[in-house]
Amino acid sequence: MYSLEGTCHCGKLRVEVALPQAPETYHPRACDCAFCRKHGAAYLSDPAGRLRVVAADAQAVSHYRQGSGRAEFLICRDCGVLVGVCCEADGRRYAAVNARVIGGEAKFAEETAVSPRKLDADSRVERWKSLWFREFLIETP
Ligand SMILES: [Zn+2]
């Protein structure tokens, strides 16, 4: 596994990512919906990897839903940076990380434009289930 880390701008939210493949083989997905465009988010995930979001305090994560409301965006309440997105389906949580918050030496492949808004709500969830991390945890003190 390849371990990567990142934080929001103020540092109250930290993300820890474990990827089975080398980071440079992943193409972060730049979603073209109005919300993700405004954040400049590009998502990275692997069903065989892991995502952990560690919050510095219990109030640090702000949850926001938009569109069909099936996905929940994870945003730092203080600095407003979107660190990831998650959804619940079949009694399990799935998630993707915003590749833009991952720092350090991690280099990914070129971003690819995606347009899940063109799918109906159920197909969108099916898509997330096939792409997103299946091991996902938010830790708050
Ligand atoms: Zn922050």
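Indexing begins at 1, ligand by ligand and atom by atom, following the structure's order. Values below: every heavy atom of this structure, side chains too, minus hydrogens, waters and symmetry copies.
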K.L.:
Backbone N or O of Leu82 within a donor-acceptor pair of the Asn98 side chain at under 3.5 Å?
P.N.:
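Side chain of Asn98 to backbone of Leu82: a pair is present.
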
K.L.:
Could you walk me through whether Arg127 and Leu131 satisfy the side-chain contact (heavy atoms from CB on, under 4.5 Å) test, starting with their C-alpha distance in whole Å, then the side-chain angles of each, then the deciding distance to 0.1 Å, before giving a yes or no?
P.N.:
CA-CA 6 Å; Arg127 174 186 161 82; Leu131 288 175; 3.7 Å; yes

K.L.:
Can you list the protein N, O or S atoms less than 2.8 Å from the Zn ion (ligand 1)?
P.N.:
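Those protein N, O or S atoms (cut-off: under 2.8 Å from the Zn ion (ligand 1)) are Cys8 SG, Cys10 SG, Cys76 SG, Cys79 SG.
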
K.L.:
Spell out, as yes or no, whether a donor-acceptor pair under 3.5 Å connects the side chain of Arg50 to the backbone of Glu135.
P.N.:
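It does not hold such a pair.
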
K.L.:
Given the side-chain rings of Phe133 and Tyr94, with only the six-membered ring counted for Trp, is the space between their centroids under 6.0 Å?
P.N.:
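No, too far apart.
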
K.L.:
Which residue pairs pass the side chain to side chain donor-acceptor pair (under 3.5 Å) test with at least one member in residues 72-86, sequence neighbours excluded?
P.N.:
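Of all non-adjacent pairs touching residues 72-86, those that pass side chain to side chain donor-acceptor pair (under 3.5 Å) are Lys12-Asp78, His63-Glu72, Arg65-Glu72.
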
K.L.:
Output yes when a side-chain donor or acceptor of Asp90 lies under 3.5 Å from a complementary backbone atom of Arg92, and no otherwise.
P.N.:
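Flag not set: sc Asp90 to bb Arg92 has no pair under 3.5 Å.
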
